[in-house]
> 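Attaching a single structure in structure tokens format; questions to follow.
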There are 2 protein chains.
Amino acid sequence: MSELKIQHLVTLTGLLSRGAKNNFVPVTTTSLGQQIHKSQQAASQHLLELEEAGFIERMMSGRKISVRLTKKGYEQISDVFNLLKNSMGAVNTIELGGTLVSGMGEGAYYMSLKGYTKQFKTKIGYVPFPGTLNVRLDKKEHVEAARQLGSKEGIKIDGFSDGRRTYGWVKCYPCTINGKIDCQLILLERTHHDYSVIELISETDIRKRLVLKNGAHLAIKIPTE
Amino acid sequence: MSELKIQHLVTLTGLLSRGAKNNFVPVTTTSLGQQIHKSQQAASQHLLELEEAGFIERMMSGRKISVRLTKKGYEQISDVFNLLKNSMGAVNTIELGGTLVSGMGEGAYYMSLKGYTKQFKTKIGYVPFPGTLNVRLDKKEHVEAARQLGSKEGIKIDGFSDGRRTYGWVKCYPCTINGKIDCQLILLERTHHDYSVIELISETDIRKRLVLKNGAHLAIKIPTE
DNA sequence: ATTACTAAACATCGAGTAA
DNA sequence: TTTACTCGATGTTTAGTAA
């Protein structure tokens, strides 16, 4: 990762933020210590060690110190920055894996109600094929990830009432199956305590398109942000 | 700086780069140890402590571990990233301070030679007012910064010969005086071993414009990059 | 005021090892 | 195989203090 001792990165960053990239800037070990939440003595030692390692240049005028980063020092901090940048950009998808199971058939019924289909048309752009794909998540961590998904923003289909009973909201999350088929993972208000089986809807009949039988394994990717 | 122990930042970054932002990802303490250049035991301990501090969630299936970052964990690493980002962007100017002194008068003579003025006109856009502003740098670190400036790229005015003698190159660095007047700091081949007095040229007569007497204090800012 | 030394307290690490 | 414990070695920080 780096020649730089990790503890010194903080100190180096403190110096950088004081403008020590190009200029010698005056630094007292006391103020630097406060900045890095360490003692005056620690700051003093860090400066000595950073100089020894060639990351900074120190210049004493009387008892005062001025410091600036060397090329090497700046490059080190820059390396760490890039590492962090790359790591942060790394993952913006949630990946789930599971087994296709037969639904109860109720999903198909509910999702084809006028109260829902009108909203689907405007909010996800199509009326779903009648019938949901039910996928059992086999791994603990995938169930947990699905639960986490529930706390994120999705496309909200509002609930409604037909006078006799009420129908809960549905949240849609665009995703892909096996990297090929675009579909929506839906979370239902009425079942939102069980994340071990998820439901997927799509414009076309996915079972037919992928020639899927119950027991087939599916990989589902959900982009986030 | 952060609630996060600095030593754990590396571990957290390692997890992040494995995609542990949204998904639980399987992690063995041995492989994590290798990734962060520490032992299996250290990695194990880091995970325990990171969980305790609320930065990650661990999930054990048998002897295997899956891990993902919590919101708090991601925010912490994101904070560090932003801190670094801000620090890195912080300073792109060199700042010098010094006292106005009377020049030898030779600067004025040399700079008004045809061999130079023709190049000034094309390379910095004007023919400088005849006469340079000499500024004595009073602080050690400013002299050092000026020396450092010499190793950077500037606008190069080539030397020339009039048949009897040769005249050295001049490097120009755009800068401002007291945040107001645009001018050029010039480094001369013939004097480039002494950085304790710098010379400034400008299109107009700076002494008059700023009503400067010898002994006046000047602040000079030189943008870099 | 300042830097930086010493010595003791504290933290971190890895070898060995249990489960 | 794993994870994670104990414990001795090593590294780091701080209090006290000299200069």
Side-chain angles (χ1 to χ4, degrees), chain A residues 1-15 18 20 24-69 73 76 80 139-141 144, chain B residues 1-15 18 20 24-69 76 80 138-141 144:
Chain A
M1 160 134 183
S2 98
E3 259 209 77
L4 182 67
K5 283 194 202 168
I6 181 68
Q7 85 231 27
H8 287 159
L9 181 67
V10 178
T11 309
L12 213 46
T13 306
L15 293 171
R18 290 165 174 241
F24 277 95
V25 293
V27 171
T28 71
T29 55
T30 305
S31 70
L32 184 60
Q34 283 164 356
Q35 188 179 5
I36 64 173
H37 302 297
K38 291 279 149 66
S39 65
Q40 172 270 321
Q41 295 89 331
S44 174
Q45 197 180 334
H46 286 186
L47 290 180
L48 292 169
E49 290 170 354
L50 284 169
E51 181 177 44
E52 167 110 29
F55 294 118
I56 63 169
E57 291 171 84
R58 291 191 321 148
M59 181 168 266
M60 319 266 321
S61 344
R63 280 201 166 94
K64 303 255 170 115
I65 303 178
S66 288
V67 173
R68 81 168 164 209
L69 270 63
Q76 280 291 337
V80 174
K139 295 187 180 174
K140 242 188 188 175
E141 59 263 34
E144 199 41 53
Chain B
M1 159 131 185
S2 101
E3 257 210 77
L4 181 67
K5 281 196 204 171
I6 181 68
Q7 85 231 25
H8 287 158
L9 182 68
V10 178
T11 309
L12 212 47
T13 306
L15 293 171
R18 289 165 174 239
F24 277 95
V25 293
V27 171
T28 71
T29 54
T30 305
S31 70
L32 183 60
Q34 283 165 354
Q35 188 180 5
I36 65 174
H37 302 295
K38 292 279 147 67
S39 66
Q40 173 270 321
Q41 295 90 329
S44 173
Q45 197 181 341
H46 286 187
L47 290 181
L48 292 170
E49 290 170 354
L50 284 169
E51 182 177 43
E52 167 107 30
F55 294 118
I56 63 169
E57 289 171 85
R58 292 190 320 147
M59 181 168 264
M60 319 265 323
S61 342
R63 279 202 168 92
K64 304 254 170 122
I65 303 178
S66 287
V67 172
R68 82 167 163 207
L69 271 62
Q76 279 292 337
V80 174
D138 299 315
K139 295 186 180 176
K140 243 188 185 176
E141 59 263 32
E144 199 40 54

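Throughout, a chain's letter reflects where its sequence line sits, starting with A, and its residues are numbered from 1.
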> When rounded to the nearest 0.5 angstrom, what is the spacing between CD1 in B:I6 and NZ in A:K5?
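Nearest 0.5 Å value for the CD1-NZ distance: 14.0 Å.
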> Hey, what do you get for CG (A:L32) to OG1 (A:T28), rounding to the nearest 0.5 Å?
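So the CG of A:L32 and the OG1 of A:T28 are separated by 7.5 Å.
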> With sequence neighbours left out, what residues match A:K64 under side-chain contact (heavy atoms from CB on, under 4.5 Å)?
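Listed in chain order: nothing, the list is empty.
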> Could you pull out all residues at least two apart from B:T13 that satisfy side-chain hydrogen bond (donor to acceptor under 3.5 Å, both in side chains)?
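Result, side-chain hydrogen bond (donor to acceptor under 3.5 Å, both in side chains) vs B:T13: none returned.
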> Does a side-chain heavy-atom distance below 4.5 Å link A:F55 with A:Q76?
yes
> Tell me yes or no: between the side chains of A:S31 and A:R18, is some donor less than 3.5 Å from an acceptor?
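Side chains of A:S31 and A:R18: pair found under 3.5 Å.
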> Taking N or O atoms only and anything under 3.5 Å, show me the protein contacts with nucleotides 1-5 of chain C, one pair per line.
| residue | atom | partner | partner atom | Å |
| --- | --- | --- | --- | --- |
| C:dT2 | O2 | A:R63 | NE | 3.0 |
| C:dT3 | OP1 | A:T29 | N | 3.1 |
| C:dT3 | OP2 | A:T29 | N | 3.3 |
| C:dT3 | OP2 | A:T29 | OG1 | 2.5 |
| C:dA4 | OP1 | A:R58 | NH1 | 3.2 |
| C:dA4 | OP1 | A:R58 | NH2 | 3.4 |
| C:dA4 | OP2 | A:R58 | NH1 | 3.0 |
| C:dA4 | N7 | A:Q40 | NE2 | 2.7 |
| C:dA4 | N6 | A:Q40 | OE1 | 2.9 |

> Report, one pair per line, the protein and nucleotides 9-13 of chain C atoms (nitrogen or oxygen only) whose separation is under 3.5 Å.
| residue | atom | partner | partner atom | Å |
| --- | --- | --- | --- | --- |
| C:dT12 | OP2 | B:K5 | NZ | 3.0 |
| C:dT12 | OP2 | B:Q7 | OE1 | 3.1 |
| C:dT12 | OP2 | B:Q7 | NE2 | 3.0 |
| C:dC13 | OP1 | B:K38 | NZ | 3.4 |
| C:dC13 | OP2 | B:H46 | NE2 | 2.9 |

> At how many degrees, to 10°, do the end axes of the helix from C:dT2-D:dA19 to C:dA19-D:dT2 meet when each uses five pairs?
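One end's axis against the other's: 30°.
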> side-chain contact (heavy atoms from CB on, under 4.5 Å) with A:Q34: which residues, sequence neighbours excluded?
A:T30
> Which atom pairs, donor and acceptor, lie under 3.5 Å between side-chain atoms of residues 41-48 of chain A and protein residues at least two apart or in another chain?
| residue | atom | partner | partner atom | Å |
| --- | --- | --- | --- | --- |
| A:Q41 | OE1 | A:S39 | OG | 3.4 |
| A:Q45 | NE2 | A:E49 | OE2 | 2.8 |
| A:H46 | ND1 | A:T11 | OG1 | 2.7 |

> Does the side chain of B:L12 come within less than 4.5 Å of B:L50's, by heavy atoms?
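B:L50 reaches B:L12 side chain to side chain.
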> If you round to the nearest 0.5 Å, how far is CD of B:E57 from OG of B:S66?
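Result: 11.5 Å between the selected atoms.
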> Is there a side-chain contact between B:F24 and B:R58, using heavy atoms and a 4.5 Å cut-off?
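Contact flag for B:F24/B:R58 side chains = no.
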> Reading DNA chain D 5' to 3', which nucleotide is the first, and which the last, to come under 4.0 Å of any heavy atom in chain B?
D:dT2 to D:dC5
